[in-house]
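Worksheet: the structure to be examined is printed underneath.
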Amino acid sequence: MLANDEVKDGLSERGGHPVQRKRMRQWIMRISAYAKRLLDDLNDLDWTDSIKEAQRNWIGQSQGAEVQFSVAETDHQLDVFTTRPDTIYGVSFMVLAPEHPLVSEITTFTQKNSIEQYQQAASLKSERERQGAGDQTVSGCDTGAFAVHPMTGKKLPIWIADYVLAGYGTGAIMAVPAGDERDWKFAKTFGLEIPAIFKGKNSDEAVFTDKTATLCNSEALNGLTGSKGIPAGISLLESAGVGSKQINYRLRDAVFSRQRYWGEPFPICYENEIPRLVKSAQVTLPEVDAYLPTEDGEPPLARARKEDWNVFEGDRMEFNTMPGWAGSSWYFLRYMDPHNEEIFCSREKSDYWGQVDLYIGGAEHTTGHLLYSRFWTKFLFDQGWIGFHEPFKQMINQGMILGRSSFVYRVQGTQQFVTFERRKEYQTQRLHVDINFVENDKLDMDAFKNWRAEYAEAEFIVGEDGTYSCGFEVEKMSKSKFNVQTPDDLVERYGADTLRCYEMFLGPLTQHKPWDTQGISGVHNFLRKSHRLFAQAEEGAPSDASLRILHKTIKKVTDDLNRHAFNTVISALMIGVNELLDSKGHQKGLLQPLAILLSPVAPHLAEELWRISDGAGSVMDAAWPESEEKWLTADRVTYPVSFNGKVRFQLELDARMNAKEVETAALGHEKTAAQIEGKTIRKVIVVPGRIINIVVG
RNA sequence: GCGGGUGUGGUGAAAUUGGUAGACACGCUGGAUUUAGGAUCCAGUGCCGCGAGGCGUGUGGGUUCGAGUCCCUCCACCCGCACCA
C-alpha cells in the first residue's frame, strides 16, 4: 500500500516492485460544503497574507453559470459550468472528460472503438501526468454525437479530451474557441469551427480572452463587454430556462481513510457490508500479528480476529484507520480539557479558553492541516460543541532553516582537489563535502580522505597558508547535500540555552535563514558573560547609571518580545550585560530583574542566575519587571547637526531646551560658522530630542 | 501564466512613527595577557582616498528640509498554485 509519491515509474520507490492500481472504498469528509465559509472567514483572520492568499487559491472560487444542453436525438442532458456565459453564441463544440458517465451512452457506433481507446489511454496516466509536467499537447476524440445549442438550436459536435477534468465543475464544458486559449488550440488542431464573436477581432488568427472585447454576432448581447455581458448572458439563459447563475469551487472533498495500522480506528462496523456507527464503547486499535496488509490487499486491521477487538459488532469492523489530520485538526481543544472522560472538551472549558491566540508554525501546512482545522472547528461550532468557528486567531509563519553546504573542487579526471581561491586555475568539478569535515570553511583533509574509499588517495592543492578552503552555498537541508546539522551535537557542545538563543538571534522569526553555526560562539560568549556578571553579585545600592541600563533593557526586551522580534531581544540583552559589566552593576537588586529578562531566552541559565542573586522560588514564577519612566529619560541629548541633510558634527545639549533654544545653540556653534561660510541660511529644522537640519544655499 | 515574499558591509543582520544607515554578533587585522586554549581584554574594520573629502541600502525616476522607510518604473532571486472551463 503506497502513497502516490512512493511510486516511481510504475514501480515502488523502495524495492522496485510493480505497482497495481486498485479501486477502494474510502471515507471522505465533505469539506467542499464549507468552501464558501472557509473562503469568506479568511478576511477576519490575523494571518499572513501569503497563507490567506494560498488558501483562497486552493479553495478556488469562480463565479459563472451552469448551462444545460440537450444531446441531439436522445433524452440526455449535458450540464456545463462556464465563467463566460456572455460568450454563449461563440460555442461551436462540446468537450467531456474521458470519465464522464454520458460518454458511453452517447458515443456512436462508428466512434466506439477510438473513444474506448482514448479513455483507456487516459486512465493509464496518473492524475499528475494528466494535469501537469508541462505536457500541453492537445489530444481528443470525437464521440460522433451532437449537442443542441440552447439559444440557436445549432448542432454542436461532442468530443472527449484530457484537458477537461472529471473532478471539476460538471466534468464537461461548452467550448468557445474565440475566447478560450485551450478551446482555441483544440479547434485549430481538429479543424473545428471558430465563430467570430468579438467586434474587430479575427478569431481565426488569435484567441482573445480579455473581458474588455465587445461582443458581436451574439443577438441580444451585441455591443456589450464582459462586465455587463456576463450578467446579461445569465439572465438570457435564465429566461430561456436553460441555465442559472452558479458559483464553483476548486476545493475537493478530503479522503479520510488510510490503509495503515497506526491511526485512530473508526467507530464503524458492517452488517451485510452496510456501515453503521458503533455506540456501545470507544473502539481501540486491536492487536495484530503484523503491521502489514493482508494477502488480498486489505488493510492491517483485517488481520485482527474477532476477539482481538475491544468492541465487535455486526459482521466485521471497519478496517481503515483515520489519517494524521484527524487528530491534528482538533488536538488544541483536547489540550483544554485533557482528562475529561465524557467528552473531548467540555463547553465550559472551551468557552473559557477560546480560540488559540497565537499559532506559530510552518507554511508547509497551508492547504492541509491549517485548512482542515478550520473546517473541523466550523463543524463543531455548527453542532454546538464549541462557541467559536475559527481555531487560530493569529498566525505567524516561522521561516525555514536552510543548510549551508560546503564544496570541494576536484580537478577533472584526477584525484586532486584545489582550494577555493585557486579553483579557477583548473577545470574543476564542484562536489558536496560533508560539513562535519569543515570548520570555518577549512577542510580537515585527513578526515576527508577517510570519508570514502575513492578519496583515500586524494591530493590537495592548498592555499598559501597550507590550508584547504571550501566553497559554500545556502540551500535546503538534505542528506544528499551532506549539510544536515543536528542540534544534538550543538546541545552537547554549547548547551540547550545557547542553541535556543542562537536560533532566535539568527534573524527575524518569519524569514528563511541559513543554518550557519559559525556565529554560535558569539551567543555562547554572551551567556558566559552573563554568568560572569552574576558571579560578582554583591549587596548594596546600584548606581543611577546602572539603573538606567537596566530599565532601558527592560523596556526594549519587553517591547520586542511583544512584537515577536526575538533576534533584537537577544541583542538588547547582550548590550545590557556588556554595559553592566562595564559600569560594575553587580548589585543583586539589579541582577534579579535581569535574570527574569533572561528567562524566556535562556531558561536553564536564568534559573541558576536567579538563585545566585538570591531570588526566591523559581524564576519562572517571578513577576515580569516593569520599566520606570524616570530611568528612561536622560538630561543631556546629543544632537546630530546636519547641513542639507548631511550630518557634520555632534552637539550635546540639555534635554529640556525647546526648539528655539536648540536652534540658537546650533547656529551659534563655531563649526556651524565653518559650514555656512559664503552661503545663506534658508531654513532651520529642529526636531526636539532627535536632529537639527540647517538648509543652506 | 496567477499569487505571495525577499533584495542593506566579507557573513547573519539592526534601523518600531520619514530624522545620525550598518546597532548586536560572526569573520578578519593589529596589540596585551597566558604553560596552553575553541579563554579573557584593548584598538580597528561599509567602499574609494595619504588627506580634506567623496560615494553608499537591487535599477532608474519622483515627493520631502531630510527617504533603507512613502509613490512610480524596471531587474534579480526564493516560495506556493497551475489544462479549474
Side-chain angles (χ1 to χ4, degrees), chain A residues 48-58 60-62 64 80-84 95 130-132 134-138 161-165 167-176 179-183 185-186 248-252 363-364 366-367 397 399-400 402 404 439-441 472 474 493-494 502 505-508 510-526 528-529 532 556 559-560 562-563 565 567-568 570-575 578 638-650 682-687 689-697:
Chain A
T48 52
D49 289 338
S50 67
I51 293 244
K52 290 210 269 189
E53 207 46 46
Q55 289 207 348
R56 282 189 193 107
N57 294 340
W58 189 259
Q61 187 185 66
S62 61
V80 302
F81 174 73
T82 178
T83 53
R84 295 296 301 275
V95 189
R130 281 184 58 182
Q131 282 196 16
D135 179 27
Q136 302 276 345
T137 49
V138 180
D162 247 357
Y163 82 87
V164 175
L165 308 172
Y168 181 76
T170 61
I173 62 155
M174 57 178 224
V176 183
D180 184 281
E181 187 92 44
R182 296 148 306 175
D183 298 348
K185 270 194 200 160
F186 197 81
N248 238 338
Y249 297 93
R250 201 191 72 110
L251 184 67
R252 299 196 200 177
E364 64 272 22
T366 302
T367 54
N397 298 119
M400 202 195 322
L402 304 168
R404 188 182 191 274
E439 185 144 356
N440 289 344
D441 288 335
F472 73 91
V474 170
R493 195 155 146 188
Y494 297 104
Y502 186 57
F505 187 63
L506 270 180
T510 56
Q511 232 166 271
H512 291 207
K513 295 165 282 267
W515 185 235
D516 177 355
T517 57
Q518 282 197 45
I520 201 165
S521 62
V523 173
H524 189 59
N525 257 339
F526 153 64
R528 295 170 60 104
K529 275 189 194 172
R532 201 177 338 131
K556 176 80 176 151
D559 289 353
D560 287 1
N562 284 330
R563 63 185 181 104
N567 52 332
T568 53
I570 304 285
S571 71
L573 287 166
M574 284 176 168
I575 294 169
N578 284 340
T638 306
Y639 281 95
V641 184
S642 58
F643 294 84
N644 293 337
K646 293 185 178 177
V647 177
R648 292 298 165 204
F649 63 93
Q650 311 285 325
R682 302 197 182 272
K683 202 171 180 181
V684 179
I685 286 121
V686 173
V687 184
R690 296 222 86 132
I691 198 167
I692 300 161
N693 190 20
I694 298 168
V695 186
V696 294

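Lettering follows sequence order; numbering is per chain, from 1.
Using a 90° window around 0 for the glycosidic torsion, B:G31 falls outside it and is classed as anti.
Residue A:Asn57 places no side-chain atom within donor-acceptor reach of the base of B:C81, judged by atom type and a 3.5 Å distance cut-off alone. Residue A:Lys529 places no side-chain atom within donor-acceptor reach of the base of B:U40, judged by atom type and a 3.5 Å distance cut-off alone.
Across the interface with RNA chain B, nearest-nucleotide mapping of A:Pro640 and A:Ile520 shows A:Pro640 to be the residue nearer the 5′ end.
Contact annotation: A:Asn567 reaches the phosphate of B:A14 (side-chain N/O to OP1 or OP2, under 4.0 Å). Contact annotation: A:Tyr168 reaches the phosphate of B:A85 (side-chain N/O to OP1 or OP2, under 4.0 Å). Remark: A:Lys513 is not in phosphate contact with B:G12, judged by side-chain N or O atoms under 4.0 Å from OP1 or OP2. An OP1 or OP2 oxygen of B:A13 is reached within less than 4.0 angstrom by a side-chain nitrogen or oxygen of A:Gln511. For B:G4, the OP1/OP2 oxygens have no side-chain nitrogen or oxygen of A:Asn397 closer than 4.0 Å.
Using cut-offs of 30° and 60° for the angle between ring planes, the A:Tyr494 and A:His524 rings count as perpendicular.
Nearest to the side-chain atoms of A:Arg252 among the listed nucleotides B:C65, B:C84, B:U40 stands B:C84. Closest to the side chain of A:Trp58, from the set B:C81, B:G66, B:C84, is B:C81. For A:Phe505, the side-chain atoms get nearest to B:C24 when compared with the rest of B:G4, B:C24, B:C84. Closest to the side chain of A:Ser521, out of B:C26, B:G4, B:G80, is B:C26. Comparing B:G19, B:A23, B:A39 against the side chain of A:Asn525 picks out B:A39 as the nearest. When distances are taken from the side chain of A:Val647 to each of B:A85, B:U20, B:G12, the shortest belongs to B:U20. The side chain of A:Asn578 has B:C24 as its nearest neighbour among B:U20, B:A85, B:C24. Here the nucleotide nearest the side chain of A:Gln518, chosen from B:C26, B:C84, B:A14, is B:C26.
Between the CG atom of A:Asn578 and the CE atom of A:Met574 there is a distance of 8.5 Å, given to the nearest 0.5 Å. Separation of atoms OG (A:Ser642) and CD1 (A:Ile694) is listed at 7.5 Å; rounding is to 0.5 Å.
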Show each protein N/O and nucleotides 68-70 of chain B N/O combination with a separation under 3.5 Å, one pair to a line.
none

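If you check every strand for non-hydrogen atoms under 4.0 Å, A:Arg682 touches nothing.
Straight-line distance from the CD1 atom of A:Ile575 to the P atom of B:C24: 6 Å, rounded to whole Å.
In RNA chain B, consecutive stretches of 3 or more Watson-Crick or G-U wobble pairs with both distances under 3.5 Å are given as paired ranges: B:1-7 with B:75-81, B:10-12 with B:24-26, B:27-32 with B:40-45, B:46-48 with B:53-55, B:60-62 with B:70-72.
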